Amino acid sequence: MTVKETLITESAEEAARILREGGTVAFPTETVYGLGADATNESAVRRIFEAKGRPTDNPLIVHIGDLAMLETIVESITHSARLIIENFFPGPITVVLKKQSVIPNVVSAGLDTVGVRMPSNQTAREFLKLCRVPVAAPSANISGKPSPTRWEVVKEDLEGRIDCILKGEATEIGLESTVVDCTTEPPVILRTGSVTVEELREVIPDIGIWTDSSDESAPKSPGMKHRHYSPKANVVLIGHASEFDDPQAAYIGLNRPNTTAKLQSICGSKEEYARSLFDFFREADRAGIQRIYCEAVDDSGIGRAIMDRIRRAAE
Ligand code: TXA
Ligand code: MG
């Protein structure tokens, strides 16, 4: 692809103007940085796939700045979607619903559904409101690499390939949104995230969880079949820090290993683990480290999403 000048700005107005004119704009959210384009503009959306090298069979999430826009994008808001919206919007969760024809097939990868999310991050909200159009946005990384949690990482991957980076803070959560398919009853969690299974069960007790072993007829997230979140280094999942004994490797976990790693991150909580994980992968690659050991955490709360991302990186 041809190299283009990437404007790096703190002005949400400027970034929104570029997006409305058909450009590609990376922006912060509370989960990870997204790479946005006008979701109603087919050629703008195609440029997202080109910039990332993303397979075209993997649909994009559409982001909105206010709830009124939802009705212009989806056919109807199902009962379970309404419960999720009432309890968790704006926030780190995406609902999949039947789409209207304003959302072109390139966004939904040919599916008749669309994933919609309303971020809570202030910069994201300001930017999305100024865009005044729904914004299709995958994570702002080269396809297959870990999602970016800082604008500098977006620059590292995508400078010269996109029109603009809207600078913001490092993301608070660090893992991608929870994705829930609300077209079925009961709805099904397609991707775990920081809105936890426990929190969702309080609102929808019989909600399902899709797993790789779910049968073929089960609804699934097309993105889950693609390789994800992988650093260049080999990722190894270990049960406990005490199993670590490779001083040339990198280590991340809640407990301190007996052997000091070349690069290590001892996290004070699961939230900190989630926030640090993808950036740690990137840092290890920059340091030329061959192996990254990740300590397992229990499945409760955000632990489930952390384990999901580590397992996919370790595949
Ligand atoms: O936190 C996030 O979700 C970030 C920020 C930027 O919003 N976005 C993100 O997008 O992680 P992406 O493209 O990296 O992941 C989107 C996931 C993929 O697994 C995709 O298959 C799934 O959502 N998805 C999107 N639309 C879908 C649909 N209509 N049906 C089923 N799955 C869908
Ligand atoms: Mg992604």
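Counting starts at 1 for both ligands and their atoms, following the listed order. In this text the structure is predicted, and so the values were computed from the model without any measurement. One-based numbering along the sequence shown.
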Exercise. Could you walk me through whether Thr94 and Ser177 pass the side chain to side chain donor-acceptor pair (under 3.5 Å) check?
Worked result: CA-CA 6 Å; Thr94 299; Ser177 65; 2.9 Å; yes
Problem set entry | Option nearest atom 7 (O) of ligand 1 (shortest heavy-atom distance, choices His63, Glu30, Arg54) | His63
Seminar exercise, completed: Note: ligand 1 atoms sitting under 4.0 Å from heavy atoms of Gly34 are 6 (C)
Exercise. Without hydrogens or angle criteria, can the side chains of Arg117 and Thr29 be said to hold a donor-acceptor pair below 3.5 Å?
Worked result: yes
Exercise. When the ring planes of Phe27 and Phe127 are compared, do they come out parallel, tilted or perpendicular, using 30° and 60° as the limits?
Worked result: tilted
Exercise. Is it true that some N/O/S atom of Ser139, main chain or side chain, lies under 2.8 Å from the Mg ion (ligand 2)?
Worked result: yes
Exercise. Taking atom types as modelled, is there a side-chain donor on Glu159 or Thr6 under 3.5 Å from an acceptor on the other?
Worked result: no
Exercise. Against heavy atoms of Asn58, which atoms of ligand 1 measure under 4.0 Å?
Worked result: 18 (C), 20 (C), 21 (O)
Exercise. Does the pair Arg275/Glu271 count as a salt bridge with the N-to-O cut at 4.0 Å?
Worked result: no
Exercise. Looking at Ser139, which atoms of ligand 1 are within less than 4.0 Å of one of its heavy atoms?
Worked result: 8 (N), 9 (C), 10 (O), 12 (P), 14 (O)
Exercise. In ligand 1, which numbered atoms sit nearer than 4.0 Å to a non-hydrogen atom of Leu190?
Worked result: 31 (C), 32 (N)
Exercise. Run the side-chain contact (heavy atoms from CB on, under 4.5 Å) check on Arg201 and Ile209 step by step: do they pass?
Worked result: CA-CA 11 Å; Arg201 276 191 186 137; Ile209 307 175; 3.7 Å; yes
For this session: May I ask which of Leu175, Thr31, Thr113 has a heavy atom nearer to atom 28 (C) of ligand 1 than the others do?
Result: Thr113
